[in-house]
Amino acid sequence: MDSTLNITQQPAMAIDIERDRLSYLIFGNGIKAVNGEITLDGGDLKHALETAVYDTPLLLEDYSRTTIALHSQHFVVMPAELMPKADLVFKATFSSLEGELMTCKVKNTDAAIACDVPHGVTAFLKRTFGNPELLHHLAPLIAYCAEAYADDNGCLHININKEVAHIVATLGGKLQLANTYPYRSLDDVIYFALAAFKECHFDSRADKIILSGDNELRSQLAEQLRQRVAYVMPELIPASALTAIGNEAIKLPFNLVTTAIYT
């Protein structure tokens, strides 16, 4: 997309921020979707984001909405009614708050997430992107699973990428479990998945596992999980994503897709 974008078209933007990279997707209103990835310098995340954003003018165009998912390894998934006491809930799990507390209500559920974000990051993002919707990185995947599997029995969704797997379990669309697991080998992911399956009291002969993420890893994981669970299948790109983003959605990281359609 040309940086001289006609702002009357006002596409939307989704951003996914990890410690070492920023991924973005610009889409909508008949415009061919554009995505990219920016490597973030190590050290202070706020400073790294400032450098990345100001060096990429396309990110500073006017958009109809901007949704940003922030990866945080220190987080608590809790009932939304506890949001006013999120600081106490967080500190009951983690003895201290290293950065700033960020909370978000998860769409399609009665859950919320409280997480630890480095100092100054949320203020910079709100100021720079005109009060975007800020989410913990699991919120879009949880919201998607709650809606997509509302009519299903037990369903375990595994979004696997290099070095990390995100697992969300739902039962009739109701959230049962959500967590992020760093891993060293696929054996670790299989252990986490089967432990989650057991914790949720899912039936290996009737309930299912849905896989998204890196194609090669997903294929290897499916082959091994099918020896233990009867129904293991790949995630399909939702129709809403194809409508909003176009066929490019098929090639995009699934977490970026779910962030884009989180409305």
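Atoms considered below: every heavy atom in the structure, side chains included; atoms not considered: hydrogens, waters and symmetry mates. All residue numbers refer to positions in the sequence shown, counting from 1. In this text the structure is predicted, and so the values were computed from the model without any measurement.
No hydrogens or angles considered: a donor-acceptor pair under 3.5 Å links the side chains of H157 and S212. A donor atom on one side chain and an acceptor atom on the other are found under 3.5 Å apart for H137 and T180. Side-chain N/O atoms of D207 and N153 include no donor and acceptor closer than 3.5 Å. Side-chain N/O atoms of D41 and H47 include no donor and acceptor closer than 3.5 Å.
With a 6.0 Å radius and a threshold of 12 heavy atoms from other residues, nucleotides or ligands, Q220 has its CD atom above the threshold. No more than 12 heavy-atom neighbours from other residues, nucleotides or ligands sit within 6.0 angstrom of CZ on R205. The number of heavy atoms from other shown groups lying within 6.0 Å of OH (Y54) is above 12. For N247, the CG atom is loosely surrounded, since the number of other residues' heavy atoms within 6.0 Å does not exceed 12.
Between D152 and K208, at least one side-chain nitrogen of the basic residue sits less than 4.0 Å from a carboxylate oxygen of the acidic one, meeting the salt-bridge criterion. Between E18 and R21, at least one side-chain N (NZ, or NE/NH1/NH2) sits under 4.0 Å from a carboxylate O, which counts as a salt bridge.
The aromatic ring centroids of F254 and Y144 lie less than 6.0 Å from each other.
The main-chain N or O of K107 is found under 3.5 Å from a side-chain atom of Y262 such that the two form a donor-acceptor pair. At distances below 3.5 Å, not a single donor-acceptor pair connects side-chain atoms of D55 with backbone N or O atoms of A52. D214 places no side-chain N or O within donor-acceptor distance of the main-chain N or O of I160, the cut-off being under 3.5 Å.
The shortest heavy-atom contact between I261 and P238 is CD1-CG, 3.9 Å. Here the shortest heavy-atom pairing between L135 and P140 reads CD1-CG, 3.8 Å.
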From CA spacing to verdict: side-chain hydrogen bond (donor to acceptor under 3.5 Å, both in side chains), H119, D44 | CA-CA 9 Å; H119 289 289; D44 182 72; over 6 Å; no

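With contacts defined as side-chain heavy-atom distances shorter than 4.5 Å, the pair F94/V76 qualifies. Contact check for L58 versus I26: side-chain heavy atoms found under the 4.5 Å cut-off.
The ring pair (Phe, Tyr, Trp, His ring centres under 6.0 Å) search around Y149 returns none, not counting sequence neighbours.
To the nearest 0.5 Å, atoms CG (L156) and SG (C200) are separated by 7.0 Å.
Using a 30° and 60° split on the angle between ring planes, F197 and F202 fall in the perpendicular class, above 60°.
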